[in-house]
Amino acid sequence: MTNLFQAERIDGKGFAANLVSRLADEVSTIKVKTGLTPGLAVVLVGEDPASSVYVNAKHRQTQEVGMNSFVHKLSADTTQAELMELLAQLNNDPAVNGILVQLPLPAHLDANAVINAIDPDKDVDGFHILNAGRLATGQEALVPCTPLGCLMMLKDRLGSLQGKNAVVVGKSNIVGKPMAQLLMGENCTVTVAHSKTQDVPALCRTADILVVAVGRPEMVKGDWIKPGAVVIDVGINRIERDGRSRIVGDVAYAEAGHASAITPVPGGVGPMTIACLLANTVTAFHRQQNQKN
Ligand code: GUN
């Protein structure tokens, strides 16, 4: 059998490294020009192992670009009132330009109330209802990091996205919904598929741009992908195969050789998420400075 895997591998890791290096330069310039250091506060409640890994990575990379990182690790039995009190302090702290509360939160906490207690101008996750509304209405917003990273890679690969048929599989508040909004903002024709959608494979076959964010290992098969499509795989799934543990995406990568380009897992979307978080923090810093002047 000839193995014609022609799809270009979209190098998210390299793309993120590039972005991070530009941000480090920008942070140096900010320090020289203003005497200020942008700062990001990350709040982790409880000890979920995956969340701890993400928070540690965010802390390290924030420091690597020369910004201040303030990590608040709270016990799993933290009350809603205690968390709200911390957010009020961070909202009022001029050294903190960005605030992120790592999700998921323990079940006794009201995640929506917590997110909406963050100053929208410091909401570097872009999850506050005001930022969601601004994005949906085409106003200047802080945009969720993962879909922002996906959009950057799509534009780098395709230039204008105008008129393309885009299918987003998954309708989460963190990825699917904001991704659809961003693609509409680029004048794509957007369809969002989810667990109740009829004939997801047929819908995916209409996509020039296919973004998959469902958290199901290798759900999207090769014959769901239109030849020449650009595929963005947001999934990060740990599976056991051949007696060893490995990470795979939501797309059966080995079957996607007829796409024009695809993000690998790992090394695709994942590294872009933290890079975009740092970019959002720098953006938030500039907007806060402009508001003062
Ligand atoms: N948990 C999983 N993804 C995210 C994210 O993008 N932001 C936050 N705050 N928590 C998450």
Side-chain angles (χ1 to χ4, degrees), residues 12 16 19 39-62 69-74 76 78 83-84 86-87 90-91 96-107 109-132 135 141-153 168 170-182 211-216 232-238 247 249-250 263 265-266 268-281 283-284:
L19 177 56
L40 171 65
V42 174
V43 180
L44 173 65
V45 185
E47 273 141 35
D48 177 68
S51 290
S52 296
V53 169
Y54 287 131
V55 167
N56 291 339
K58 287 167 185 174
H59 174 62
R60 181 174 50 75
Q61 290 199 37
T62 303
S69 169
F70 310 101
V71 175
H72 296 264
K73 291 188 176 172
L74 309 181
T78 300
L83 187 50
M84 291 300 201
L86 172 61
L87 291 175
L90 297 173
N91 284 342
V96 172
N97 303 105
I99 302 170
L100 175 150
V101 178
Q102 187 66 29
L103 302 176
L105 286 170
L109 296 171
D110 178 347
N112 283 331
V114 168
I115 289 165
N116 291 326
I118 297 171
D119 177 344
D121 294 331
K122 294 189 177 185
D123 167 39
V124 283
D125 255 333
F127 294 164
H128 191 290
I129 43 170
L130 210 57
N131 281 313
L135 174 61
L142 284 165
V143 175
C145 305
T146 299
L148 181 59
C150 296
L151 185 72
M152 283 181 189
M153 290 190 286
V168 178
K171 64 173 174 71
S172 70
N173 290 339
I174 293 184
V175 184
K177 285 178 195 160
M179 187 77 244
Q181 299 288 358
L182 284 170
V211 182
V212 190
V214 288
R216 297 175 66 129
I232 305 289
D233 186 352
V234 182
I236 301 177
N237 309 291
R238 186 172 287 283
I247 304 283
D250 291 345
T263 55
V265 179
V269 173
M272 281 300 284
T273 296
I274 296 186
C276 287
L277 171 67
L278 304 177
N280 275 352
T281 306
T283 300

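Atoms within a ligand are numbered from 1 in the order they appear, just like the ligands themselves.
Asp121 is linked by a side chain to side chain donor-acceptor pair (under 3.5 Å) to Gln291, counting only residues two or more places apart in sequence or in another chain. Every side chain to side chain contact (heavy atoms under 4.5 Å, CB included) that Ser52 has, sequence neighbours left out, goes to Leu44. Gln61 pairs by the side chain to side chain donor-acceptor pair (under 3.5 Å) definition with nothing, not counting sequence neighbours.
Residue-environment remark: OH (Tyr54) stays at or below the threshold of 12 foreign heavy atoms within 6.0 Å.
Between Leu103 and Phe127, the closest side-chain pair of non-hydrogen atoms falls below 4.5 Å. At least one side-chain heavy atom of Leu40 sits less than 4.5 Å from a side-chain heavy atom of Leu277.
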Ligand 1: which protein N/O atoms lie under 3.5 Å from its N/O atoms?
{"unit_1": "ligand 1", "atom_1": "1 (N)", "unit_2": "Gln102", "atom_2": "NE2", "d": "3.4"}
{"unit_1": "ligand 1", "atom_1": "1 (N)", "unit_2": "Leu103", "atom_2": "O", "d": "2.9"}
{"unit_1": "ligand 1", "atom_1": "7 (N)", "unit_2": "Asp125", "atom_2": "OD1", "d": "3.1"}
{"unit_1": "ligand 1", "atom_1": "7 (N)", "unit_2": "Asp125", "atom_2": "OD2", "d": "3.2"}
{"unit_1": "ligand 1", "atom_1": "9 (N)", "unit_2": "Val101", "atom_2": "O", "d": "2.8"}
{"unit_1": "ligand 1", "atom_1": "9 (N)", "unit_2": "Asp125", "atom_2": "OD2", "d": "2.5"}
{"unit_1": "ligand 1", "atom_1": "10 (N)", "unit_2": "Leu103", "atom_2": "N", "d": "3.0"}

